[in-house]
Amino acid sequence: MFKKILIANRGEVALRVIFACRELGIKTVAVYSEADENSLHVRFADEDVCIGPPRSADSYLNVPAVISAAEITGADAIHPGYGFLSESAYLAEVCEACHIRFIGPDPQVIRLMGDKARARRVMRKAGVPILPGSDGPIDNEDRALKLAKDIGYPVIVKATAGGGGRGMRVVRAPAELSHAVKTAQREAEAAFGVADVYIEKYVESPRHIEFQVLGDHHGNVVHLGERECSIQRRHQKLIEESPSVALSEKVRRKMGGIVIDAAKAVQYTNAGTFEFLMDADGRFYFMEANTRLQVEHPVTEMVTGVDIVKEQIRIAAGERLSFKQSEITFTGHSIECRINAEDPDTFVPSPGVIHVFSVPGGPGVRVETMAHSECTISPYYDSLIAKIIVHGRDRQEAIARMRRTLEMTVVEGIKTSIPMHLRILKDPDFVAGKLSTSFMERFLKRRETSGGLAEAV
Ligand code: MV4
């Protein structure tokens, strides 16, 4: 097992990894930017190294700085958390060259999944359902028009290097296709340095459902069920839950089996997430695979009892998965709310000093946060300040628990998204489990016509 792990991240996820290391008896190294000198991840790590100025590009995204910190402290592994360098095949390669273990999949698998058009092809070959679309990048306007006509409008143009919603264009008629392809290519070039785009049939108002997998280096792969992540705005997830009300036990088993076969086909190791769109008829289509720990992993931990971060560390150290698929059982229902430092009406970031921070505990409540009273929320990084996760015997109990927890949470000094979450938790469609990726758009439109947040909360 590793003796010392460097955590190449900040915030709640850096703390989450430190928790796992402590429980496993592994020493930890925090890296931090000049803006994070007083952060909890620095305080709770055994050692810490400043890796640069506040801007992410100069610190948390700086591969030579991260590698140097690992070499100086003698860390034998790096956990990248989520975001930042977590899906950098380059970091994984440099780690390999430096004999530092990267806690994540092999660089070839990260690179494969980073190319969405290639991932589509490989997944189709492995028997995973995908939407009709182009076999690879579009290289010819006439062929693109012919293809779009064959699959039928609407279609969506996506960047092969994209993901998370950047560089996408929905096309509803042939006359719009050429322009959409060109603007998507220009956006993709600017955002990712790769202009390639591909075409897919567009699904209206789908659910976003993703499966968690774990694979070890001995050929074993298990799935930990699904998460429903349809409540999002501008590709930022706001609320996630597990299980999804849209899946029967039978469908879960079938989709889980498909995902396991797909992971085995690419020799997937460590933790991964296979994202699907689910259409109104309950059909699943592969969208992309994320080769990292996800923000919303706690809801899966709550219903399965598996500590995903500990499993990641054990897997990276070469250990076998400590359980078989048949030993995984799903108990109750879990919901996560992402609490952001932002105005709940306008979504404008609200950095500053939190003077009072208090979240009540109680049965079935879990809080993942780097916030505490008198801490500073920096404007340099994303606005997530806490994740509140609840577990209940069923969805109804989980919703009631989340409501009472949010109602009794005190954050003074900055604005937070808590009032928005409380409104969502009272929404009749949300309560009925009628979810889709269009939920927030409709929800926010209704608010405009009914006048402000104040009356509902
Ligand atoms: C789609 C789609 C509908 N049809 N692809 C958005 C993020 C990126 N991972 C892919 N996305 C979508 N791809 C087809 N063929 C709708 C979306 C989409 C979406 C997906 C998941 C969660 C939220 C979303 C919000 C808008 C659009």
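Since the model is a prediction, treat every value here as computed from it, not as a measurement. We count ligands from 1, going down the list as the structure has it; atoms in each ligand are counted the same way.
The aromatic rings of Phe330 and His223 sit parallel to each other, their planes meeting at less than 30°, with 60° as the upper class boundary. Aromatic ring pairs are classed by plane angle as parallel below 30°, tilted from 30° to 60° and perpendicular above 60°; the pair Phe211 and Phe276 is perpendicular.
Atom 18 (C) of ligand 1 has its closest protein heavy atom at His235 CE1, 4.3 Å. Counting protein heavy atoms only, atom 4 (N) of ligand 1 is closest to Val203 N, 2.9 Å. Looking at atom 21 (C) of ligand 1, its nearest protein heavy atom turns out to be His208 ND1, 3.3 Å. Summary of contacts: the protein heavy atom closest to atom 11 (N) of ligand 1 is Met168 SD, 3.6 Å. Closest to atom 25 (C) of ligand 1 among all protein heavy atoms lies Gln232 NE2, 3.3 Å. Closest to atom 12 (C) of ligand 1, if we only count protein heavy atoms, is Met287 SD, 3.8 Å.
Between the side chain of Asp106 and the main chain of Gln108, no donor-acceptor pair closer than 3.5 Å is present.
Residue Lys201 has at least one nitrogen or oxygen atom sitting less than 3.5 Å from a nitrogen or oxygen atom of ligand 1, judged on distance alone. At least one N or O atom of Lys158, backbone or side chain, sits closer than 3.5 Å to an N or O atom of ligand 1. Between Glu288 and ligand 1, at least one pair of N/O atoms sits closer than 3.5 Å.
Residue contacts with ligand 1 leave out Lys237, since none of its heavy atoms falls under 4.0 Å from the ligand.
Listed by atom number, the atoms of ligand 1 under 4.0 Å from Glu200 heavy atoms are 5 (N), 14 (C), 15 (N). Taking every non-hydrogen atom of Leu277 and a distance limit under 4.0 Å, the qualifying atoms of ligand 1 come out as 1 (C), 2 (C), 3 (C), 4 (N), 5 (N), 14 (C), 20 (C). Ligand-side atoms of ligand 1 in range of Thr437: 21 (C), 22 (C), 23 (C), 24 (C), 25 (C), range being under 4.0 angstrom from any heavy atom.
Heavy-atom contacts from other residues, nucleotides or ligands closer than 6.0 Å to NZ of Lys237 number more than 12.
Using a 4.0 Å cut-off between a side-chain N of Lys or Arg and a carboxylate O of Asp or Glu, Arg16 and Glu301 qualify as a salt bridge. Glu93 has a carboxylate O that lies under 4.0 Å from a charged side-chain N of Arg111, or vice versa, which qualifies the two as a salt bridge.
Partner of Asp427 under the salt bridge (Lys or Arg N to Asp or Glu O under 4.0 Å) criterion, out of Arg403, Arg446, Arg447: Arg446 alone.
At a 4.0 Å heavy-atom cut-off, ligand 1 does not touch Glu204 at all.
Side-chain rings of Tyr60 and Tyr381 approach one another, their centers coming within less than 6.0 Å.
Between the side chains of Glu210 and Thr273, no donor-acceptor pair is found at a separation under 3.5 Å.
Counting heavy atoms only, Tyr202 comes closest to atom 16 (C) of ligand 1 of the residues Tyr202, Phe439, Phe276.
In this structure, Arg395 satisfies the cation-pi test against Phe430, with its NZ or CZ atom closer than 6.0 Å to the six-membered ring centre and inside 45 degrees of the ring normal.
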